[in-house]
There are 2 protein chains.
Amino acid sequence: MNTENAKSQMRKGMLEYCILLLLHKGPAYASDIIQQLKEAQLIVVEGTLYPLLTRLKNDRLLKYEWQESTQGPPRKYYALTLDGEEFLRHLDSAWNELTNTVSILRNGIATEPTLS
Amino acid sequence: MNTENAKSQMRKGMLEYCILLLLHKGPAYASDIIQQLKEAQLIVVEGTLYPLLTRLKNDRLLKYEWQESTQGPPRKYYALTLDGEEFLRHLDSAWNELTNTVSILRNGIATEPTLS
DNA sequence: AAATATACTTTGCAATACAAGGTACTGAAA
DNA sequence: TTTCAGTACCTTGTATTGCAAAGTATATTT
């Protein structure tokens, strides 16, 4: 059992939430998303992201538009659909419940959340 | 895409953390754990818990002792090993990073964490 | 003895993160 | 023109894990 695997498992499901959160602020294409997640301390690779974006699109939570780039091939800019916005609110609730659960279970643990 | 599945995915990995958090407070057997998790708003079923406990034991993060019950068959009381305590601290860090990531991405989202 | 309750276990399936490798388009250098 | 490098998108195979469902074993009650 290594820590990396545990962290990877922890991120399951969270990643979907994080991507919807990110796209809620505005459209972005894959490299954009990877970069912004990295700035939020979440490392994601292409092989994870592309299938996820495709799945969310097929589920009508995301839509995309092709847009030309001044440097390189055209890009798929993804954005939330109305269904996606609604689904995001459900995930907000689920996230709140989870953090609530952890804070209940953490009682007695001497570990404060770090701020950096 | 249904919300239940998304929530289930979100819990992946979290569950391991929650169980270690819980056992950090003291030994417990399976039904205990399910009950305490339910009180912390996390529904878990036997088919999920038992294989997880076995895995954590095989990884030397948990140990157990048989203990007689006044009512029914004997129970396996699980407790953290020293390795388990150390691993829990790693998971604390991972959890802190995740909540930090989400709070960064949530900027601009008009959803406050609920307190109940 | 049979039935019920409690506790532990196993099997099979679906979902998903990830590594690794591949395709396609663009523009610049040789 | 051809070649190369950079950017962007996509696919395949694997391991892990939550869960439903069914099974096994022990103890108590009827």
Side-chain angles (χ1 to χ4, degrees), chain A residues 1-20 27-35 37-38 42-59 61-62 64-78 91 94 98 101, chain B residues 1-20 27-35 37-38 42-59 61-62 64-78 91 94 98 101:
Chain A
M1 160 104 26
N2 63 38
T3 308
E4 276 319 301
N5 178 42
K7 288 169 75 172
S8 169
Q9 288 302 325
M10 258 199 187
R11 291 198 303 229
K12 285 203 177 195
M14 307 306 313
L15 190 50
E16 186 173 303
Y17 179 43
C18 288
I19 286 169
L20 293 180
Y29 74 107
S31 299
D32 261 354
I33 295 173
I34 289 177
Q35 184 58 34
L37 288 179
K38 188 183 292 179
L42 194 65
I43 304 300
V44 180
V45 296
E46 292 187 329
T48 300
L49 185 57
Y50 280 103
L52 178 52
L53 289 174
T54 300
R55 180 164 57 81
L56 293 173
K57 182 209 61 180
N58 290 339
D59 290 337
L61 303 179
L62 296 184
Y64 68 79
E65 285 180 0
W66 284 102
Q67 240 175 275
E68 306 254 325
S69 164
T70 59
Q71 203 160 15
R75 301 162 174 173
K76 265 188 180 175
Y77 274 82
Y78 283 91
L91 291 185
L98 261 189
T101 292
Chain B
M1 163 101 25
N2 63 35
T3 308
E4 276 319 303
N5 178 43
K7 288 170 73 172
S8 169
Q9 288 303 324
M10 258 198 188
R11 290 197 303 229
K12 284 202 176 193
M14 308 307 313
L15 190 50
E16 186 173 303
Y17 178 44
C18 288
I19 286 169
L20 293 180
Y29 73 107
S31 299
D32 260 353
I33 295 174
I34 289 175
Q35 184 57 34
L37 288 178
K38 188 184 290 178
L42 194 65
I43 304 301
V44 180
V45 296
E46 291 188 331
T48 300
L49 185 59
Y50 280 104
L52 178 52
L53 289 175
T54 300
R55 180 164 56 81
L56 292 173
K57 183 209 58 177
N58 290 339
D59 290 337
L61 302 178
L62 296 184
Y64 68 80
E65 284 180 0
W66 283 103
Q67 239 175 274
E68 305 255 325
S69 165
T70 60
Q71 205 160 17
R75 303 162 174 173
K76 265 188 180 174
Y77 275 82
Y78 283 91
L91 291 185
L98 260 189
T101 292

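Proteins get letters first, then strands, A, B, ... in listed order; numbering begins at 1 in each. As the structure is a computational prediction, the values presented were derived from the model and not from experiment.
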Take atom [atom1] of [X] and atom [atom2] of [N], then tell me their distance rounded to the nearest Å.
| X | N | atom1 | atom2 | result |
| --- | --- | --- | --- | --- |
| Leu53(B) | dA7(C) | CG | C1' | 12 Å |
| Arg75(B) | dA27(D) | CZ | P | 13 Å |
| Tyr29(B) | dT26(D) | OH | P | 18 Å |
| Tyr50(B) | dA25(D) | OH | C1' | 12 Å |
| Asp32(B) | dT6(C) | CG | P | 14 Å |
| Trp66(B) | dA27(D) | CH2 | P | 10 Å |
| Lys76(B) | dT26(D) | NZ | C1' | 14 Å |
| Ile34(A) | dT7(D) | CD1 | P | 13 Å |

Would you please test Thr101(A) and Leu37(B) for side chain to side chain contact (heavy atoms under 4.5 Å, CB included) and show each step? CA-CA 8 Å; Thr101(A) 292; Leu37(B) 288 178; 5.6 Å; no
Measuring from atom CG of Leu62(B) to atom CG of Leu52(B), what distance do you get when rounded to the nearest 0.5 angstrom? 8.0 Å
Going by heavy atoms in the side chains, are Asn58(B) and Arg55(B) under 4.5 Å from each other? no
Of all residues at least two apart in sequence or in a different chain, which pass the side chain to side chain contact (heavy atoms under 4.5 Å, CB included) check with [X]?
| X | result |
| --- | --- |
| Thr48(A) | Leu15(A), Val44(A), Val45(A) |
| Tyr64(A) | Lys57(A), Trp66(A), Lys76(A), Tyr78(A) |
| Ser69(B) | Gln71(B), Arg75(B) |

Listed pairs, N/O of protein and of nucleotides 17-21 of chain C, under 3.5 Å:
unit_1, atom_1, unit_2, atom_2, d
dA17(C), OP1, Gly13(A), N, 3.3
dA17(C), O3', Ser8(A), OG, 3.4
dC18(C), OP1, Arg11(A), NH2, 2.2
dC18(C), OP2, Thr48(A), OG1, 3.4

Each nucleotide in nucleotides 24-30 of chain C should get exactly one letter: B, S or -. Can you fill that in based on protein heavy atoms under 4.0 Å? -BS----
Which pair of non-hydrogen atoms, one from Ala30(B) and one from Leu49(B), has the smallest distance, and what is that distance? O-CD2, 3.5 Å
If you take all heavy atoms of Met10(B) and Ala94(A), which pair is closest and at what distance?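 The pair with the smallest heavy-atom distance is SD-CB, 4.0 Å.
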Please enumerate all residues that pass side chain to side chain donor-acceptor pair (under 3.5 Å) together with Thr54(B), with sequence neighbours excluded. none
